[in-house]
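Contents: one structure, followed by commentary.
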Amino acid sequence: MPGPLFNIFPLLDYNLSMTLSSGQAFRWQWCGQGWIGVLGTRWVRLQAREELLTAEVAEPVADWHWLTDYLQLGLNLTEVLRTFPDDEPMRAAVAACRGLRLLRQEPWECLASFILSSTKQIVQIQQIVAVLCERYGEPVAVPSGHPPAWGFPSPARLAAVAEAELRACKMGFRARYLLSTARRVASGECDLSRLGQLPVEHARAELLKLPGVGRKIADCVLLFAYGFQPAFPVDVWVMKALRELYFSRRNVNEKWLHRFAAKHFGPNAGYAQQYLFHYIRTRRLPRKTARATTKAGS
DNA sequence: GCCCAGGTGAAGC
DNA sequence: GCTTCACATGGG
């Protein structure tokens, strides 16, 4: 029996917009009446209002676990926040990021997206991923009147693409890494479906074997696709946050930093990392008008 | 023009 | 071991 074209879920401590636009996933677009995205082979539109989430799909579904699992609707955020260290930086980050959540993404899409993320701004990653999906993804059903949409291209599909064609998607030097990794995943040499059952260190070691995957990208996949909380991705922003908020701007060795993170941020260190990342990145800077005025006046 | 962006791998000391 | 550099591309 086919299900309905929409569903409603209760939302508690959940900032949907912040979560979908916080640089974990790169395919969500605000359309004026909700967030439109593609999960697996399903087009979906999400709208959060007054502690209710409305989800709309293009074709009837009976089982909604693909969505509730992705959004981690069953997670009690209060329990997570309770484990954060009680220090000034974390209090500020939590206050600034009320309702920020971690998603549980499909591993291949997450891995491929973060291979494309290196030294790119989030907006540019979104653009590259969009082109990649449009050119190599399978079309998915959309409600009438909506623009076409595509699934994320499979490892096998990308493995069959020439490097020059990938470069034409604006990904530059990352094309070689994406192609090599797609081949290893497509061949079964790397089995992403197995990693979730391994101890986090083993799963990380497997990811680190892939070309274009270092500690940072490995930790992003461990955290955003598998939910491993000991994973603590350190990018330029998190490094900036840690240096400014915890180390009075001193330079810190990265290996030492990971030991500090594991010790200081507790059992949900990965979650804490996302709060620091979003906090430091969206911190209110001097307004443009104020700067323009200063410039004009000087 | 310049610096920077959810980095990585390889070469040089 | 650690430091430095190339790698594409676009935004501010």
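It should be emphasised that the depicted structure is a prediction, and the values quoted were computed from it without experimental measurement. In what follows, chains are A, B, ... by sequence order, proteins preceding strands, each numbered from 1. Reckoned from all heavy atoms, side chains included, excluding hydrogens, waters and symmetry mates.
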Could you check whether A:Arg176 and A:Thr181, counting side-chain N and O atoms only, form a donor-acceptor pair closer than 3.5 Å?
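There is no such pair (donor and acceptor under 3.5 Å, judged by atom type) between the side chains of A:Thr181 and A:Arg176.
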Hydrophobic cluster identity match, A:Leu102 and A:Trp237, side-chain contacts under 4.5 Å
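Both belong to a single hydrophobic cluster.
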Kindly work out whether a path of hydrophobic side-chain contacts (I/L/V/M/F/W/Y, heavy atoms less than 4.5 Å apart) joins A:Leu67 to A:Val140.
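Not linked; separate clusters.
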Rounded distance in Å between the [atom1] positions of [N] and [M]:
N: B:dA5; M: C:dC7; atom1: C1'; answer: 14 Å
N: B:dA10; M: C:dA8; atom1: P; answer: 14 Å
N: B:dG6; M: C:dT3; atom1: P; answer: 24 Å

Note, [X] side chain near [Y] side chain (heavy atom, < 4.5 Å):
X: A:Gln273; Y: A:Phe232; answer: yes
X: A:Asn7; Y: A:Val57; answer: no
X: A:Arg42; Y: A:Trp66; answer: yes

Heavy atoms within less than 4.0 Å of DNA chain B: which residues of residues 151-186 of chain A have one? Give them sorted by number.
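DNA chain B contact set from residues 151-186 of chain A: A:Phe173, A:Tyr177.
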Taking DNA chain B as the partner, which of residues 198-215 of chain A come within under 4.0 angstrom of it by heavy atom?
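Contacts with DNA chain B under 4.0 Å: A:Leu210, A:Pro211, A:Gly212, A:Val213, A:Gly214, A:Arg215.
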Between A:Val252 and A:Phe260, is a side-chain contact (heavy atoms from CB on, under 4.5 Å) present by the stated rule, with each step listed?
CA-CA 10 Å; A:Val252 277; A:Phe260 167 80; over 6 Å; no
Give A:Phe26 one of three labels, base, sugar-phosphate or nothing, depending on what nucleic acid heavy atoms sit under 4.0 Å from its own.
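Contact class for A:Phe26: none.
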Can you tell me how far CD of A:Gln126 sits from CZ of A:Arg27, rounded to the nearest 0.5 angstrom?
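One gets 11.5 Å once the value is rounded to the nearest 0.5 Å.
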Whole-Å distance separating the [atom1] atom of [X] from the [atom2] atom of [N]:
X: A:Gln127; N: C:dG10; atom1: CD; atom2: C1'; answer: 8 Å
X: A:Ile128; N: B:dG7; atom1: CD1; atom2: P; answer: 12 Å
X: A:Leu103; N: B:dG6; atom1: CG; atom2: P; answer: 17 Å
X: A:Ile217; N: C:dC7; atom1: CD1; atom2: C1'; answer: 14 Å

Show me the side-chain donor-acceptor pairs of residues 186-193 of chain A shorter than 3.5 Å, one per line, residues at least two apart or across chains.
| unit_1 | atom_1 | unit_2 | atom_2 | d |
| --- | --- | --- | --- | --- |
| A:Ser187 | OG | A:Arg183 | O | 3.3 |
| A:Ser187 | OG | A:Arg184 | O | 3.1 |
| A:Ser187 | OG | A:Glu189 | N | 3.2 |
| A:Asp191 | OD1 | A:Ser193 | N | 3.1 |
| A:Asp191 | OD1 | A:Ser193 | OG | 2.6 |

Whether A:Arg45 engages the ring of A:Trp35 as a cation-pi pair (distance to the six-membered ring centre under 6.0 angstrom, angle to the ring normal within 45°) should be assessed.
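The answer is no, since A:Arg45 fails at least one limit relative to A:Trp35.
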May I ask you to check whether over 12 heavy atoms, not counting those of A:Glu206, lie within 6.0 Å of atom CD?
yes
Taking everything shown except A:Phe247 itself, do over 12 heavy atoms lie less than 6.0 Å from its CZ?
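Enclosed: over 12 neighbouring heavy atoms sit under 6.0 Å from CZ of A:Phe247.
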Qualifying ring pair (Phe, Tyr, Trp, His ring centres under 6.0 Å) pairs, either residue in residues 194-226 of chain A, two or more places apart:
A:Phe114-A:Phe224
Test: ring pair (Phe, Tyr, Trp, His ring centres under 6.0 Å). Region: residues 168-199 of chain A. Which pairs qualify, not counting sequence neighbours?
none
Give, ordered by number, those residues of residues 242-269 of chain A having at least one heavy-atom distance below 4.0 Å to an atom of DNA chain C; if nothing qualifies, reply none.
none
With the threshold set at under 4.0 Å for non-hydrogen atoms, list the residues of residues 110-126 of chain A touching DNA chain C in residue-number order.
A:Thr119, A:Lys120, A:Gln121, A:Gln124
So what's the dot-bracket for DNA chain B: Watson-Crick or G-U pairs under 3.5 Å, [ ] if a pair crosses, | if it pairs off-strand?
.||||.|||||||
Anything under 3.5 Å between a protein N or O and an N or O of nucleotides 11-13 of chain B, put it in a table, one pair a line.
none

Exam field: side chain A:Gln121 to backbone A:Gln124, donor-acceptor pair closer than 3.5 Å
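Between the backbone of A:Gln124 and the side chain of A:Gln121 there is no qualifying donor-acceptor contact (under 3.5 Å).
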Among residues two or more places apart or on two chains, list those pairs meeting side chain to side chain donor-acceptor pair (under 3.5 Å) that have a residue in residues 134-152 of chain A.
A:Tyr136-A:Glu165
For A:His278 against A:Met18, the heavy-atom pair lying closest together
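Looking at all heavy atoms of both residues, the closest pair is CE1-CG, 3.3 Å.
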Taking only residues two or more places apart in sequence, or in another chain, which ones meet A:Ala58 in a side-chain contact (heavy atoms from CB on, under 4.5 Å)?
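With neighbours one apart ignored, the set is A:Trp43, A:Ala141, A:Pro143.
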Without placing hydrogens or testing angles, list every side-chain donor-acceptor pair under 3.5 Å for residues 77-91 of chain A, not counting sequence neighbours.
| unit_1 | atom_1 | unit_2 | atom_2 | d |
| --- | --- | --- | --- | --- |
| A:Thr78 | OG1 | A:Asp13 | OD2 | 3.4 |
| A:Glu79 | OE2 | A:Arg82 | NH2 | 3.1 |
| A:Thr83 | OG1 | A:Val80 | O | 2.7 |
| A:Thr83 | OG1 | A:Asn268 | ND2 | 2.8 |
| A:Asp86 | OD1 | A:Arg91 | NH1 | 2.5 |
| A:Asp87 | OD1 | A:Met90 | N | 2.9 |
| A:Asp87 | OD1 | A:Tyr246 | OH | 3.1 |
| A:Asp87 | OD2 | A:Tyr246 | OH | 3.0 |
| A:Asp87 | OD2 | A:His264 | NE2 | 2.7 |
| A:Glu88 | OE1 | A:Arg91 | NH2 | 3.2 |

Hey, is A:Trp237 stacking on B:dG6? Ring centres under 5.5 Å, planes under 30°.
no
